[in-house]
Amino acid sequence: MSPQSAVMRRELRSYFVTPVAYVFLVIFLVLAGILTFYAGDFYERGQADLQPFFMMHPWLYLILVPALTMRMWAEETRGGTLELLLTLPITLWQAMLGKFLAAWLFIGLALVLTFPIWITVNYLGSPDNGVILAGYLGSWLMAGTFIAIGACLSALTRSQVVAFILTALVCVLLILAGHPQVLDFFQGALPRKLVNGVAHLSMLRHFEAISRGVLDVRDLLYFLLSTLGWLLAGVLLLDLKRTR
Amino acid sequence: MRYIAGRPARRWLNLSAPGDAFSHGFLPNMIETDQLTRCYGNLTAVDALSMRVEPGQVLGLLGPNGAGKSTAMRMIAGFLVPTSGTARVCGYDVLREPLQAKRALGYLPEGAPSYGELTVREFLQFIVRMRGFRPDVGFRRFDEVVHRLQLEEVLGLCIDTLSKGLRRRVGLAQAILHDPPVLMLDEPTDGLDPNQKHAVRQLIDVMARERTILISTHLLEEVHALCNRVVIIARGKLMADATPAELEQRSRYHGAVSFSAPGSGMSQEMLGRLPQVAAIEVDPLDGRITVFPKPGERILEPVEQLLRQQGLEVSEIQLERGRLDEVFRQITTDGNGQHHVMSGERA
């Protein structure tokens, strides 16, 4: 077994022996349901799709993913297990990847467990299940980027609270980057090209495109590359810690 | 005597690298540091430390708290990157071949950190997977280590709920799971009660029969109990490198004779006149008399003879081997008795 999958299994095991996993799953599922039906006007729209459901995901992730990732490296640093982990035959990249995969698979599980809402919409009408599948894919990819941001910022500090707040802050900036009000704010200060650049950083814009069923390579690349970028930044931060 | 040239070391080396320098009967130094240096800001925690641990040795790395023992070990283990210099484990450079070096080394970090929320079984299985064993070999190693460290009864318990001594044993199990030729233990008995200390020392003693061990400690009794070579560092610098016996010889007490005898005021004068005697001290508390020899002189017999002539009743008489604690203090403090202690060890 490769060392990164050993790390992944250990990490998943830790989620489930501490209440983290159960608390996360329950809150995620309850909030996803409530927000979809009440805030998302699931019934009143009269359309058989899961748009209201998926549109809530960025905001759910905003709170829940930092809670999942804040302990990732901060706790290892504080508890001294980082020394144990990094003196085992594993590269920093493998360790980072293992931890990332554990969190990503876990969110995948949470998404799978939302299946009752999919059954509901299929019972009530005849939705385009291809679009729904695309929505799930987009949501999972977006979760990956959130996790990578959290993993990186957790490596930055030994305080879990700081890791949580920093992650939530970066995530909310990335969600809102395409929002007209945010863009208006930049309009005065930055040249037009940069403002367009900021708009393209918006996670919401790429996610909406995918969740409408439009699988554009650029949207997929956006999530994959930003995930990889944040993970690499996290590895560099960890390496810096060994030198400093 | 533990000077057996590590048998498993050879086995391991042949297995891993057939046909290279190792299999021609050449054994590299098991641990070697080369001008190893580490700075934290302005503070030099380890200062150009060069030392070698040869096959079969149990080397005690001694020093006051904050002398740089842990920092040096962390660099050898590949956790910290040296500011300059390097270290080699079984000939593998920790900077250029970190994975090979880590495979050759079993390391118990200070305080034996482990994932407290896991059970002992889960934790050791995690280590088995990290070490990349084939499942059958992994199971065998797991069983062997659990049996060796007598962890059978606690396998299902959370590590957080274990006593310090047991946790230390789990840490040792982790360190020897892959049967490494080199073992490095950072203060393995620190914070344990006397019974637990004894148990851990016995374990180390057994493990020392088949591998090379570098052990850090600030307890001098540990040196007597375990080590056949001692390196003393203070302020990150190497201050002494010798066998425990050689260190004892540096002591003022080496070769001194001490005894208790009531009403011996007169004999003290006589003792002072012996040509081999350099000085006499009387313990103000219990009146025990210590007679120091001149360099190179043996004074046990003349002293005994004199006491007999005087007709003094002596309940017991002792020839001192030398006091390590005194030598340790002498080496690690400057003239004013000021400790070479740095401002707190960095975690």
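Because only heavy atoms are used, hydrogens play no part in the values below, and waters and symmetry mates are left out as well, while side chains stay in.
- Between the OG atom of Ser5(A) and the CZ atom of Arg129(B) there is a distance of 8.5 Å, given to the nearest 0.5 Å.
- Within 6.0 Å of the CZ atom in Arg148(B), the count of heavy atoms belonging to other residues, nucleotides or ligands exceeds 12.
- No more than 12 heavy atoms of other residues, nucleotides or ligands sit less than 6.0 Å from atom CZ of Phe139(B).
- Sparse packing is recorded around CD of Glu153(B), with 12 or fewer heavy atoms of other residues, nucleotides or ligands lying under 6.0 Å away.
- For a residue to count as touching a neighbouring chain, one of its non-hydrogen atoms must lie under 4.5 Å from one of that chain's; by this rule Thr81(A) touches chain B with backbone and side chain alike.
- The side-chain heavy atoms of Ile90(A) and Met130(B), taken from C-beta on, include a pair separated by under 4.5 Å.
- Lys241(A) contributes no side-chain N or O that, together with a main-chain N or O of Leu80(B), makes up a donor-acceptor pair within less than 3.5 Å.
- Most heavy-atom pairs under 4.5 Å with chain B: of the set Arg13(A), Glu83(A), Glu75(A), this distinction falls to Glu83(A).
- Of the possible donor and acceptor atoms, one in the side chain of Arg242(A) sits under 3.5 Å from a partner among the backbone N and O of Phe79(B).
- Within the 4.5 angstrom heavy-atom criterion, only side-chain atoms of Glu76(A), from C-beta onward, approach chain B.
- Note that the CD1 atom of Ile127(B) and the CG atom of Leu88(A) stand 5.0 Å from one another [nearest 0.5 Å].
- The nearest pair of heavy atoms linking Leu86(A) to Lys102(B) is O-NZ, 2.8 Å.
- Shortest non-hydrogen contact noted between Glu117(B) and Thr18(A) is CB-CG2, 4.0 Å.
- Atom OG1 in Thr87(A) sits 12.0 Å away from atom CE in Met73(B) (nearest 0.5 Å).
- At a 4.5 Å heavy-atom cutoff, Leu105(B) makes no contact with chain A through either its backbone or its side chain.
- Between Arg10(A) and Tyr115(B) the shortest side-chain heavy-atom distance falls below 4.5 Å.
- In this structure, chain A has no heavy atom under 4.5 Å from any part of Gln125(B).
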